[in-house]
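Comments concern the structure below.
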Amino acid sequence: MEEKEEDAAFEEDMIQTQTQSPTHRHNKDEDFTAWLPDECLACVFQKMGTMDHNQCSLVCKRWYHVEAHCRQRLSLYARAEIISFLPSIFMRFDRITKLALRCDRKTTSMDDKALFLVGRHCSTLRKLKIKGCRQLTDEGIELFARVASSTLCKLSCGACSFGARGINAVVNYCTLLEDLTVKRLKGLEEGPPEFIGPGCGTIRRLCLKELYNAQLFGPLMAGSKNLHTIIIYRSSGNWDSLLTIVSEQISNLVELHMEMLHLSDRGLQAVSRWTKLEVLYVVKTTECSDFGLSAIAEGCRRLKKLHINGLKSNRIGDDGITALASKCRDLQEVILIGVNATAASLGLMASNCSGLERLALCNSATVGDTELSCITSKCNSLKRLCLKGCSISDEGMRGLATGCPRLIKVKIKKCKGVTWESVYWLQVHRPGLVVSLDCEAPNTRLLEGITEVSPVLVPPSPRSRSPLAKVKFALVASGSFVACSLLRWPLMKGKR
């Protein structure tokens, strides 16, 4: 009797609970995020892309306000008409830290007054990118630098019309500026030359691209004692003398990129003074030779990443690579393009540089099966290998089946001696290795008798192919049709 009474009481309580608390019933129209704090909802929004941000802001008023307060990046089409909308834009997005202002040649861009409004209303701005805003002048840049002096840390400007006066204003007034990128700044070419001074001396990264007189930045380089990275691309002038002066003034440089410059061995000797250098790019500097690389090897023994493009000038070969392999034993990534290296220098590098993980040899007539065999037998830490335009054959490719125990990916391009037959053989004997080969589609007869292991192949991919097509092509080649279908949902979600 007692048990029956307890059961009856329990049923009565359940009926009362269901009738008195309808909110406990799950309604299909119920908003489950209503109980979620705004801070948690903002964390979710911060993981989304720009398109998803825009869509979420249209769901409801609450999401509209939360999304606006948590957004930190914004990109605007900086045409002249935008000036009337700037106050309302930054009233809604009041926590923007990274802003991009872009305009094209056929449109009149924003002017100095609009840039002043950006600096005035965007009080949390830390990174600014300006591209194609040709109506901006030195006076406008100087006025902006005054109002954004306490927050701006990074500035990138390209295809604009202001010149040295505007850049000097930025480096003088912006006391937190650490990263400066200047590309195709036409104002530097007009009027009398004006040097760019060190300003507050806070610059840590300087990038100069396609400038007619980039040497005007010499005082800025020499005066920035904390300079960490220098990138110079396709800028005219003789850089040997400037690098000599700069290397005498600063000593903590860690990363240096030099591409398409008038540079000789004298400039490389100046670079060798930076004993803390870890990353070095010497690309398409036809006057550099083995002598300059030998100087680099003597001075820059901490190198971890080396990229050399000799343009098949025959000035860089075994002597320079041997010197680097003997002295720079911490190398982790080496890319050699147009460098005639042989088994002598590559074998020494493989033996001495035990931490070498990434290696690329491109457009070298001296790299063949002997050199590839030397690499596979000695590079125990190698993870990625790229061979392009080399004289290797199917016989050399077979050595990858047993060598380089940590190798995960091999890319073969424009190597006429390598066919799909060796690639399939390699995949059977080492199924976990990903092989990319650009040649004609394989003959289906080669698949006969090779059914033990499904090969992991990446077929040739034209430049016009999208990333989504590349993923699908790779999965289809490996027989993973199910995986391809499963990947469709997240990939399509990313496109939205």
Side-chain angles (χ1 to χ4, degrees), residues 205-211 214-215 217 221 227-247 250 253-341 345-346 348-349 353 356 358-364 366-367 386 388-389:
R205 182 184 181 274
L206 179 63
C207 179
L208 308 175
K209 293 185 176 182
E210 300 181 22
L211 297 178
Q215 295 188 350
F217 288 82
M221 296 182 192
L227 198 58
H228 179 279
T229 303
I230 296 178
I231 301 174
I232 310 172
Y233 169 76
R234 201 177 180 180
S235 299
S236 60
N238 188 346
W239 289 90
D240 291 339
S241 301
L242 182 59
L243 288 175
T244 302
I245 297 173
V246 173
S247 62
I250 60 175
L253 195 69
V254 176
E255 186 172 350
L256 177 62
H257 296 237
M258 301 179 294
E259 184 171 353
M260 299 181 70
L261 304 179
H262 182 63
L263 183 72
S264 67
D265 290 336
R266 181 188 169 196
L268 293 184
Q269 285 181 307
V271 172
S272 66
R273 295 178 181 175
W274 286 312
T275 57
K276 298 181 181 180
L277 199 66
E278 296 182 0
V279 180
L280 177 61
Y281 280 62
V282 182
V283 179
K284 298 180 181 180
T285 54
T286 55
E287 296 185 14
C288 295
S289 67
D290 289 331
F291 181 78
L293 288 184
S294 299
I296 293 291
E298 288 291 338
C300 308
R301 302 195 177 190
R302 297 185 182 181
L303 277 180
K304 294 181 179 179
K305 185 175 181 179
L306 178 65
H307 187 151
I308 299 176
N309 188 340
L311 276 178
K312 296 184 179 180
S313 60
N314 294 326
R315 290 177 174 267
I316 300 177
D318 267 346
D319 294 339
I321 304 302
T322 299
L324 290 168
S326 302
K327 305 294 183 179
C328 306
R329 302 197 173 195
D330 294 332
L331 284 171
Q332 298 177 0
E333 178 176 334
V334 177
I335 299 176
L336 303 178
I337 303 175
V339 176
N340 293 326
S345 58
L346 294 176
L348 185 62
M349 179 177 292
C353 305
L356 187 63
R358 296 173 293 277
L359 177 63
L361 303 173
C362 306
N363 301 330
S364 179
T366 58
V367 176
C386 177
K388 178 181 177 181

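Bear in mind that the values here come from a model prediction, so they are computed numbers and not experimental data.
Here the NZ atom belonging to Lys388 is positioned 13.5 Å from the OG atom belonging to Ser364, to the nearest 0.5 angstrom. Distance check: Arg358 CZ to Cys386 SG gives 13.0 Å after rounding to the nearest 0.5 Å. Atom OG of Ser272 is separated from atom CZ of Arg301 by 11.5 Å, given to the nearest 0.5 angstrom. The distance from atom CG of Leu336 to atom CD1 of Ile321, rounded to the nearest 0.5 Å, is 4.5 Å. One finds the NZ atom of Lys276 at 11.5 Å from the CD1 atom of Ile250 (value rounded to the nearest 0.5 Å). A distance of 8.5 Å separates SG in Cys362 from CG in Asn309, rounded to the nearest 0.5 Å.
Classified by interplanar angle (parallel below 30°, tilted 30° to 60°, perpendicular above 60°), the ring pair Tyr281/His257 is parallel.
Within the 4.5 Å cutoff, no side-chain heavy atoms of Val282 are placed close to those of Val271. In this structure, the side chains of Trp239 and Thr285 stay at 4.5 Å or more apart for every pair of heavy atoms. You'll find the side chain of Leu293 reaches within 4.5 Å of the side chain of Ile308, heavy atoms only. Between Leu346 and Leu361, the closest side-chain pair of non-hydrogen atoms falls below 4.5 Å. Side-chain contact between Asp240 and Gln269: absent, with no pair of heavy atoms (C-beta onward) separated by less than 4.5 Å. With a 4.5 Å cut-off on side-chain heavy atoms, Ile231 and Arg205 count as touching.
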Exercise. Can Leu268 and Met258 be said to form a side chain to side chain contact (heavy atoms under 4.5 Å, CB included), step by step?
Worked result: CA-CA 10 Å; Leu268 293 184; Met258 301 179 294; 4.1 Å; yes

For this session: Carefully, step by step, assess Leu303 and Ile296 under the rule side chain to side chain contact (heavy atoms under 4.5 Å, CB included).
Result: CA-CA 9 Å; Leu303 277 180; Ile296 293 291; 3.9 Å; yes

Exercise. Could you go step by step and tell me if Val246 and Trp274 meet the side chain to side chain contact (heavy atoms under 4.5 Å, CB included) rule?
Worked result: CA-CA 10 Å; Val246 173; Trp274 286 312; 4.0 Å; yes

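Heavy atoms only, all atoms of each residue included: Ser241 and Arg266 are closest at OG-NH1, 3.5 Å. Nearest heavy atoms, Leu311 versus Thr286: CD1-CG2, 3.7 Å. Contact record, Leu263 with Cys288: O-SG, 3.7 Å, taken as the closest heavy-atom pair. Heavy atoms only, all atoms of each residue included: Leu227 and Met221 are closest at CD2-O, 4.1 Å. Heavy-atom minimum distance, Ala214 versus Leu211: CB-CB, 3.8 Å. The two atoms that bring Ser247 and Ala270 nearest to each other are CB-O, 3.4 Å, heavy atoms only.
In this structure a side-chain-to-backbone donor-acceptor pair under 3.5 Å is missing from Arg315 to Gly310. A donor-acceptor pair under 3.5 Å is absent between the side-chain atoms of Asn363 and the main chain of Ile337, judged by distance alone. A donor-acceptor pair is defined here as one N or O able to donate and one able to accept, closer than 3.5 Å; no such pair exists between the side chain of Glu287 and the backbone of His262.
The ring-ring contact (aromatic ring centres under 6.0 Å, His included) test applied to Tyr233 returns no partner, not counting sequence neighbours. With sequence neighbours left out, the ring-ring contact (aromatic ring centres under 6.0 Å, His included) criterion links His228 to no other residue.
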